[in-house]
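Reviewing the structure listed below.
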Amino acid sequence: MKLERITLTHVRIPLLEPFRISNGEVSEKDAILVRVEAGGIAGTGEASPMAGTFYSDDTPASVWKYLTERLIPAAFAAKAVSVASINRVLDRTGGSPFARAGLETAFWDLEARAAGTPLYQSLGGYNIPLESGLAVGITKGIPALIATIEKYLAEGYKRVKIKIEPGWDVGPLAEIRQRFGDIPLMVDANGAYGREDIPHLRLLDSFGLAMIEQPLPRNDLKGHAELQAAVKTPVCLDEGAEDAAAVRKAIRMKSCRIVNIKIQRVGGLANARAIHDICAEAGIPVWAGTMPELGIGAAQTLHLATLPGFAYPTDVESSARWFLDDVIEPLITVCGGKISIPAGAGNCYEPSVRAIDRFRVAERVFVP
Ligand code: MG
């Protein structure tokens, strides 16, 4: 097999509602689709940074530049055609986990399609329907939050996650418990609190939450350990679990009892699986988070979430939850709170030529 062509397509799809977290807001979803062709077969990946730098340093523009100037030339120079060979290239190059994830996941899809097998099989998972959780951003007032949860809970989502920040935590949680009883519930602060808030965060113990996700800034593993010692609720790391070394350190320091694994944040499926394995060995349950990505990235997250250490509902929701349209066929749908991966090879969803044509903002083709 020979690496024949790589195509980058920047797509931008309007969100149905703005997504607001503690440190920023977006109203459109940008993604860079990476199509890798070898031996007459195509595999597709997705690099899916947020439009602002409020989740990570990577943006659509920086990812495009890094893929164009560094990663794609390096892939051609190394004549990469397999997951193993592209990971050797990416380990040497370093940098930009989102760009890396876009290219690396395309090779996983390519390799599985060439073998005629589904991606979860390459990863070591089993095709089981996956529980899906509803995520709701920070809304303008509690009635809007309650209305959003009510609207989507009708689809059967298996838990609710709300974004919190100082001033938007115990109030909304009390209202949710009052209105929806003991539904599985968790919160995500995207690092909005500080160690000085630990006494306040202890109040969250009274809400019976499944976990508190990334309460403190990403690098404050010591603060998370102090918090975890002070609260009964499990602390979960997201931004702070940026690579295998950080996860090992967090486990050693007792900074968390749960880890959120995002393919984008950790730079691809091989790294994501390695973090899963480290956590499994330490008895730390994990779950699969999202940016959220468009359908290509979401599908890959579903395959990853079939591994045995994934113990909580995934953040992958139906395509219609956030986006005006999606770039795959069929669309991802939640049925009775669960998502089933369709039969097929690779990521088991096909890129939608129609949708990609409609939402393309830039495209560039690379050949050897
Ligand atoms: Mg998070």
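Residue numbers run from 1 in the order of the sequence given. Note: hydrogens, waters and symmetry copies are ignored here, and every other heavy atom, side chains too, is used.
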CG (Leu237) and CD1 (Ile261) are apart, to the nearest 0.5 Å, by 11.5 Å

What heavy-atom pair brings Glu155 and Ser318 nearest, and what distance separates the two atoms? OE1-OG, 3.9 Å

Considering only heavy atoms from C-beta outward, does the side chain of Ile164 approach that of Pro172 to under 4.5 Å? no

Using modelled atom types and a 3.5 Å cut-off, is there a donor and acceptor pairing between side-chain atoms of Arg20 and backbone atoms of Val26? no

dist Leu130:CG -> Lys158:NZ (nearest 0.5 Å) comes out at 12.0 Å

Geometric class of the Trp64/His10 ring pair [parallel <30°, tilted 30-60°, perpendicular >60°]: tilted

side-chain contact (heavy atoms from CB on, under 4.5 Å) between Phe76 and Ile6, intermediate numbers included: CA-CA 9 Å; Phe76 277 116; Ile6 298 179; 4.0 Å; yes

Can Leu16 be reached from Leu134 by stepping across I, L, V, M, F, W or Y side chains whose heavy atoms are under 4.5 Å apart? yes

Name all residues meeting the side-chain contact (heavy atoms from CB on, under 4.5 Å) criterion together with Asp91; count only those two or more places apart in sequence or in a different chain, and write none if there are none. Arg100

So, taking the atom named CZ in Arg248 and the one named SG in Cys279, what distance separates them when rounded to the nearest 0.5 Å? 10.0 Å

Sorted by chain and residue number, the side-chain contact (heavy atoms from CB on, under 4.5 Å) partners of Lys151 (sequence neighbours excluded) come out as none

Could I get the full list of side-chain contact (heavy atoms from CB on, under 4.5 Å) partners for Glu329, not counting sequence neighbours? Ser352

Given side chains that start at C-beta, do those of Pro215 and Leu227 come closer than 4.5 Å, heavy atoms only? yes

Are Leu119 and Leu269 close enough that some pair of their side-chain heavy atoms sits under 4.5 Å apart? yes

Between Lys2 and Glu37, is there a salt bridge with N-O shorter than 4.0 Å? no

Please answer whether the main-chain N or O of Asn347 pairs with a side-chain N or O of Asp109 as donor and acceptor at a distance below 3.5 Å. yes

Kindly say whether Thr7 contributes a backbone atom to a donor-acceptor pair with the side chain of Arg364 at under 3.5 angstrom? no

N/O donor-acceptor pair under 3.5 Å between Arg321 side chain and Ala135 backbone: yes

Keeping Gln228 on the side-chain end and Thr233 on the backbone end, is there a donor-acceptor pair under 3.5 Å? yes

Tightest non-hydrogen contact, residues Ala31 and Glu46, listed as CB-OE2, 3.6 Å

Glu226 and Lys254 ion-paired at < 4.0 Å: no

ring-ring contact (aromatic ring centres under 6.0 Å, His included) involving Phe207 - partner list, sequence neighbours excluded: none

Are Val11 and Leu331 joined in one hydrophobic group, where the rule is that I, L, V, M, F, W and Y side chains link up if heavy atoms are under 4.5 Å apart? no

Using side-chain contact (heavy atoms from CB on, under 4.5 Å) as the criterion, list what pairs up with Pro14, not counting sequence neighbours. Leu324, Phe359

Could you tell me which residues satisfy salt bridge (Lys or Arg N to Asp or Glu O under 4.0 Å) with Arg159, sequence neighbours excluded, listed by chain and number? Asp315

Is it true that a side-chain atom of Glu293 and a backbone atom of Met291 form a donor plus acceptor pair closer than 3.5 Å? yes

Side chain to side chain donor-acceptor pair (under 3.5 Å) between Ser48 and Lys29, worked out: CA-CA 9 Å; Ser48 214; Lys29 172 63 198 167; 2.8 Å; yes

Under the criterion side-chain contact (heavy atoms from CB on, under 4.5 Å), which of Gln214, Met211, Arg265 is the partner of Asn260? Arg265

Looking at side-chain heavy atoms only, is the closest gap between Ile183 and Ile176 below 4.5 Å? yes

Pair Tyr193, Asp169 - check side chain to side chain donor-acceptor pair (under 3.5 Å), show working. CA-CA 11 Å; Tyr193 295 86; Asp169 45 34; 2.6 Å; yes

Leu203 versus Ser206, closest heavy-atom pair with distance: O-OG, 2.9 Å

Is there a path of hydrophobic side-chain contacts, each under 4.5 Å between heavy atoms, that joins Val34 and Ile328? yes

Is it the case that one hydrophobic cluster holds both Val187 and Leu216, taking links as side-chain heavy atoms less than 4.5 Å apart, direct or via other members? yes

ring-ring contact (aromatic ring centres under 6.0 Å, His included) filter on Phe310, not counting sequence neighbours, yields His276

Check the hydrophobic clustering (I, L, V, M, F, W, Y; side-chain heavy atoms under 4.5 Å; chains of links allowed) and say if Trp108 and Val266 are grouped together. yes

Suppose we screen for ring-ring contact (aromatic ring centres under 6.0 Å, His included). Which residues come up paired with His303, at least two apart in sequence or across chains? Tyr120

With sequence neighbours left out, the residues meeting side chain to side chain donor-acceptor pair (under 3.5 Å) with Glu28 are none

Does the distance from a Lys or Arg side-chain N to an Asp or Glu carboxylate O, for Lys262 and Glu239, drop under 4.0 Å? no

With rounding to the nearest 0.5 Å, note down the distance linking CG in Leu204 to CZ in Arg202. 11.5 Å

Nearest heavy-atom neighbours spanning Phe180 and Glu150: CZ-N, 3.9 Å

Side chains of Leu302 and Tyr349: closer than 4.5 Å at any heavy-atom pair? yes

So does Lys161 pair up with Glu213, basic N to acidic O under 4.0 Å? yes

Can you give me every donor-acceptor pair (side chain of residues 333-340, partner residue at least two apart or in another chain, under 3.5 Å) with its distance?
none

Side chains of Ile258 and Val286: closer than 4.5 Å at any heavy-atom pair? no

Run Arg35 and Glu363 through salt bridge (charged side-chain N to carboxylate O under 4.0 Å, His left out) and show every step you take. CA-CA 11 Å; Arg35 179 183 163 95; Glu363 186 160 277; over 6 Å; no

Hey, could you give me the CD1/CZ distance between Ile263 and Phe98, rounded to the nearest 0.5 Å? 11.5 Å

ring-ring contact (aromatic ring centres under 6.0 Å, His included) partners for Trp168, two or more places apart: none

Give me the atom names and distance for the closest heavy-atom approach of Asp243 to Ile275. C-CD1, 3.8 Å

Could you tell me whether Arg360 atom CZ has more than 12 heavy atoms of other residues or ligands within 6.0 Å of it? yes

What's the separation between atom CG in Asp220 and atom OG in Ser255, rounded to the nearest 0.5 Å? 8.5 Å

Heavy atoms of other groups near Glu196 CD, more than 12 under 6.0 Å: yes

Ala246 to Leu221 - nearest heavy-atom pair and separation: O-CD1, 4.1 Å

Who are the side chain to side chain donor-acceptor pair (under 3.5 Å) partners of Ser82, not counting sequence neighbours? Ser85

